[in-house]
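For clarity, every value in this text was computed on a predicted model and none was experimentally measured. Residue numbers start from 1 in every chain, and the chains themselves are labelled A, B, ... in the order their sequence lines are given, proteins ahead of strands. Computation of the quantities below employed the complete heavy-atom set of this structure, encompassing side-chain atoms and omitting hydrogens, waters and symmetry-equivalent molecules.
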Number of protein chains: 2
Amino acid sequence: MTTMSTPAAQRPRATMKHVAALAGVGVKTVSRVINDEPNVTPATAERVWNAVRELDYQLDLQAGSLRRADGRTRTLGLLVGSVDNPFAGAIHRAVEDIAAARGVAVFASSMDDDAGRESEAVRAFLQRRVDGLILTTASDHPEYLSLLRDRGLPVVYVDREPMESDVDTVASDNRAGAAAGTAHLVAHGHRRIALLTDRLDLVTARERRLGYLDALAQAGIPVSEELIVTGLHDAKDAAAALGRLLSSHEPPTAVFSAQNLITIGALHALRDAGRSHSVALVGFDDVALADLLDPGVTVVAQDPQQIGARAADRVFARLEGVEDSPSRIVVPVRLITRGSGEIEPPERS
Amino acid sequence: MTTMSTPAAQRPRATMKHVAALAGVGVKTVSRVINDEPNVTPATAERVWNAVRELDYQLDLQAGSLRRADGRTRTLGLLVGSVDNPFAGAIHRAVEDIAAARGVAVFASSMDDDAGRESEAVRAFLQRRVDGLILTTASDHPEYLSLLRDRGLPVVYVDREPMESDVDTVASDNRAGAAAGTAHLVAHGHRRIALLTDRLDLVTARERRLGYLDALAQAGIPVSEELIVTGLHDAKDAAAALGRLLSSHEPPTAVFSAQNLITIGALHALRDAGRSHSVALVGFDDVALADLLDPGVTVVAQDPQQIGARAADRVFARLEGVEDSPSRIVVPVRLITRGSGEIEPPERS
DNA sequence: GTGAAAGCGCTAACAA
DNA sequence: TTGTTAGCGCTTTCAC
């Protein structure tokens with residue numbers, strides 16, 4: 001049914017050999033010209049470039065890396081929770097910008113907080129010979145880590161720090177941030193503060209819970225286990241969980257939600273219960289349009305752009321031979337007050 | 001300053017040759033086992049797998065693709081406006097899921113609506129021998145396109161359709177969607193409807209403008225050029241532009257914003273001017289938390305997940321040899337009424 | 001059922 | 001300044 005231009009009659013991809021033949025030089029000379037190496041006369045270079053244009057020649061980086069001394073593929077592997085999450089998107093963009101400036105391309109994958117998917121993704125990266133890895137992990141002790149170390153492959157963990165000691169990491173100050181967010185609620189008079197968070201096998205959830213507990217302890221407020229809901233993964237879960245809490249016998253007067261999707265769920269639950277203006281809310285991680293809601297959503301904002309940038313810098317430093325001991329970079333968070341976190345509790349609770 | 005474990009003393013990466021030697025077989029047998037080819041005794045296979053585990057062997061897909069008959073690298077290139085934009089994130093995730101199911105990894109890049117960056121990104125993909133491309137373009141006639149066709153490389157454009165006729169595309173129904181959004185405002189009594197949109201050299205901006213004009217024409221409303229603002233790129237631009245319109249002599253009573261970031265800017269401008277409840281707004285493309293704002297934001301929602309999925313399906317169909325004529329897949333949009341689009345104009349305007 | 005040899009496109013090493 | 005040869009890790013071809 002196709003008209004015009006014989007279908008599978010593509011011009012076969014040109015190789016260096018073709019270019020060399022057309023330019024009347026040896027392949028090594030072509031290689032020199034393409035890779036901008038010295039010791040080629042301008043005249044020769046010109047003839048090569050003409051042949052390159054003539055044939056639409058594109059260097060095959062893969063083939064080159066096979067033989068190149070450093071074995072580099074000019075490729076990076078980036079693993080995030082989901083490329084669909086705004087937090088991951090910001091990290092990804094920062095990594096991409098730094099990598100692209102060095103002629104390095106980025107493989108991006110999602111792991112949905114599943115250690116199995118995580119291992120699979122790392123395996124896929126390794127089989128493609130990435131030069132370095134920027135990873136988010138769902139596990140405290142990733143089983144592939146010793147292999148990466150044996151290979152001498154640069155790895156930087158972002159967002160979540162594995163429990164291993166000798167690994168580069170870049171993450172938010174989860175515990176202090178959660179403590180600050182919770183303390184903010186305490187400072188506004190709350191004593192019944194709910195915590196909505198993720199599965200506790202994720203280090204971020206554990207750290208943020210500890211921060212929450214720190215703030216309560218600091219204020220001498222006893223912990224009410226019934227106000228702590230863990231294992232939340234998406235906005236729907238979170239909305240349902242908070243809905244139940246709000247209709248319970250002794251509902252919380254304030255909520256600390258430990259993650260962007262959970263915050264969104266909490267906002268829905270509060271709205272559905274008509275409590276947006278009477279129950280306080282502080283979220284960890286900023287969400288889009290938080291400033292335009294009524295009330296504005298008070299958050300402990302992370303800086304994903306900086307997390308991505310510092311992780312990429314670290315990977316490239318390792319690739320350039322920096323051998324200093326592993327660093328655990330902590331990116332500060334910032335409390336942004338917009339209204340929801342400054343709601344006071346009812347007179348008597 | 002480093003302690004323990006001699007730094008650069010990595011175990012060299014194992015190759016098939018090492019595995020073959022350890023298992024006491026030839027390399028071809030290792031290849032057969034690894035790639036699950038027939039004609040290997042279970043006993044031999046077992047010995048090979050043991051050697052593989054022993055050495056932590058990882059197949060080198062790059063090296064393989066160099067020699068493989070089909071030359072496939074099991075790699076895809078995805079180019080979007082920015083990996084940081086939620087619309088792109090959703091497309092990316094859909095593409096990733098379909099690719100991962102086939103053992104294909106995805107390179108993702110951002111082009112910021114810059115034809116130069118677009119060409120660079122495509123070049124980078126080609127040099128890495130991707131099997132196929134899913135591209136967003138900033139140009140009506142991408143100069144690299146004929147090259148891709150010569151190579152017989154599968155390409156599918158998403159979101160933006162180049163003017164070339166014989167190319168696979170997957171995009172929203174931009175014109176009809178914009179017309180529906182504008183007509184919705186007309187139906188609520190508006191006659192002074194502003195259009196906020198992107199640079200008109202982007203086909204999406206042109207199409208959405210045409211849709212806007214269609215709706216006005218349909219209603220017999222004359223076009224007021226002073227109500228049409230083009231060349232908007234981010235939320236800040238858009239907010240400033242709408243701010244100016246609102247404080248002009250004859251301000252619009254309604255706004256159609258043609259893109260997610262512009263909608264966010266428009267929301268800010270309306271809020272800052274105290275006109276959120278008096279000026280109507282319909283946005284093209286949904287935004288997070290749009291349902292929780294007051295009023296809720298009425299939008300013409302796109303379906304980026306489906307756009308990504310259909311594009312990926314198409315690329316893989318091409319890779320599997322489907323030779324039918326190029327298809328222009330149009331993904332329907334959906335008007336979601338939430339309040340902002342149902343605001344009526346003041347009694348006399 | 002198995003393995004030896006050739007060669008994919010490139011860069012390294014060396015010779016001219 | 002330039003070209004030739006070998007070889008990166010793998011798959012293909014073909015012989016056993």
In whole angstroms, how far is the P atom of dC10(D) from the CZ atom of Arg13(B)?
7 Å

Gap between atoms CG and P, on Leu59(B) and dG9(D) respectively (whole Å):
12 Å

Without placing hydrogens or testing angles, list every side-chain donor-acceptor pair under 3.5 Å for residues 117-125 of chain B, not counting sequence neighbours.
from, atom 1, to, atom 2, distance (Å)
Arg117(B), NH1, Asp112(B), OD2, 3.2
Arg117(B), NH2, Ser110(B), O, 3.2
Glu118(B), OE1, Thr137(B), OG1, 3.2
Glu118(B), OE1, Ala138(B), N, 2.8
Glu118(B), OE2, Thr137(B), OG1, 2.6
Glu118(B), OE2, Tyr144(B), OH, 2.6
Ser119(B), OG, Ala115(B), O, 3.2
Ser119(B), OG, Glu143(B), OE2, 2.3

Are OP1 or OP2 of dT2(D) and a side-chain N or O of Thr29(A) less than 4.0 angstrom apart?
no

Sorted by chain and number, sequence neighbours left out, side-chain contact (heavy atoms from CB on, under 4.5 Å) with Asp56(A) holds for Arg11(A), Leu147(B), Arg151(B)

Whole-Å distance between dA13(C) C1' and Asn39(A) CG?
15 Å

What do you reckon, is CD of Glu46(A) surrounded by more than 12 foreign heavy atoms closer than 6.0 Å?
no

Is there side-chain contact between Val158(A) and Thr169(A), with at least one heavy-atom pair below 4.5 Å?
no

Check whether any side-chain nitrogen or oxygen of Ser65(A) sits under 4.0 Å from OP1 or OP2 of dC10(C), and answer yes or no.
no

Is Arg47(B) salt-bridged to Glu54(B), cutoff N-O under 4.0 Å?
no

Can we say Asp113(B) and Arg160(B) salt-bridge, meaning some charged N sits less than 4.0 Å from an Asp/Glu carboxylate O?
yes

So His92(A) and His92(B), would you call those rings parallel, tilted or perpendicular, with 30° and 60° as cut-offs?
tilted

For Asp60(B), what residues pass the salt bridge (Lys or Arg N to Asp or Glu O under 4.0 Å) criterion, not counting sequence neighbours?
Arg129(A)

Looking only at side-chain N and O atoms, does Asp131(A) offer a donor or acceptor that is under 3.5 Å from a partner on Thr73(A)?
yes

Where the side chain of Leu66(B) is concerned, which of dG9(D), dT12(D), dG3(C) is the nearest nucleotide?
dG9(D)

Per-helix bend value, the helix from dG1(C)-dC16(D) to dA16(C)-dT1(D), C1' rotation axes over five pairs per end, 10° rounding, shows 40°

Quick test of your reading: applying salt bridge (Lys or Arg N to Asp or Glu O under 4.0 Å), list the pairs with at least one residue in residues 14-23 of chain A, sequence neighbours left out, ordered by first then second residue.
none

Can you name the side-chain contact (heavy atoms from CB on, under 4.5 Å) partners of Asp70(A), sequence neighbours left out?
Arg68(A), Arg72(A)

Partners passing ring pair (Phe, Tyr, Trp, His ring centres under 6.0 Å) against Phe87(A) (at least two apart in sequence or in another chain):
none

DNA chain C nearest-nucleotide lookup for Ser31(A) and Pro38(B): closer to the 5′ end is Pro38(B)

With sequence neighbours excluded, what pairs up with Ala14(A) under the side-chain contact (heavy atoms from CB on, under 4.5 Å) test?
His18(A), Leu55(A), Tyr57(A)

CD of Glu37(B) versus P of dT2(C): gap in Å, rounded?
13 Å

Which residues share a side-chain hydrogen bond (donor to acceptor under 3.5 Å, both in side chains) with Arg314(B), sequence neighbours left out
Asp168(B), Asp324(B), Ser327(B)

Name every residue in residues 42-58 of chain B that has at least one heavy atom under 4.0 Å from any atom of DNA chain C, in order of residue number, or write none if there are no such residues.
Thr44(B)

Touch check for Leu61(B), heavy atoms < 4.0 angstrom, all strands: base, sugar-phosphate only, or nothing?
nothing

Whole Å only: how far is the CG atom of Asp70(B) from the C1' atom of dT12(D)?
12 Å

Please list, for nucleotides 13-16 of chain D, all pairs of protein and nucleotide N/O atoms separated by less than 3.5 Å.
none

From CG of Asn35(A) across to C1' of dT11(C) the rounded distance in Å is 8 Å

Per the under-4.0 Å heavy-atom filter, residues of residues 14-27 of chain B near DNA chain D come out as Thr15(B), Met16(B)

In whole angstroms, the gap separating C1' of dC10(C) from CD of Gln62(B) amounts to 13 Å

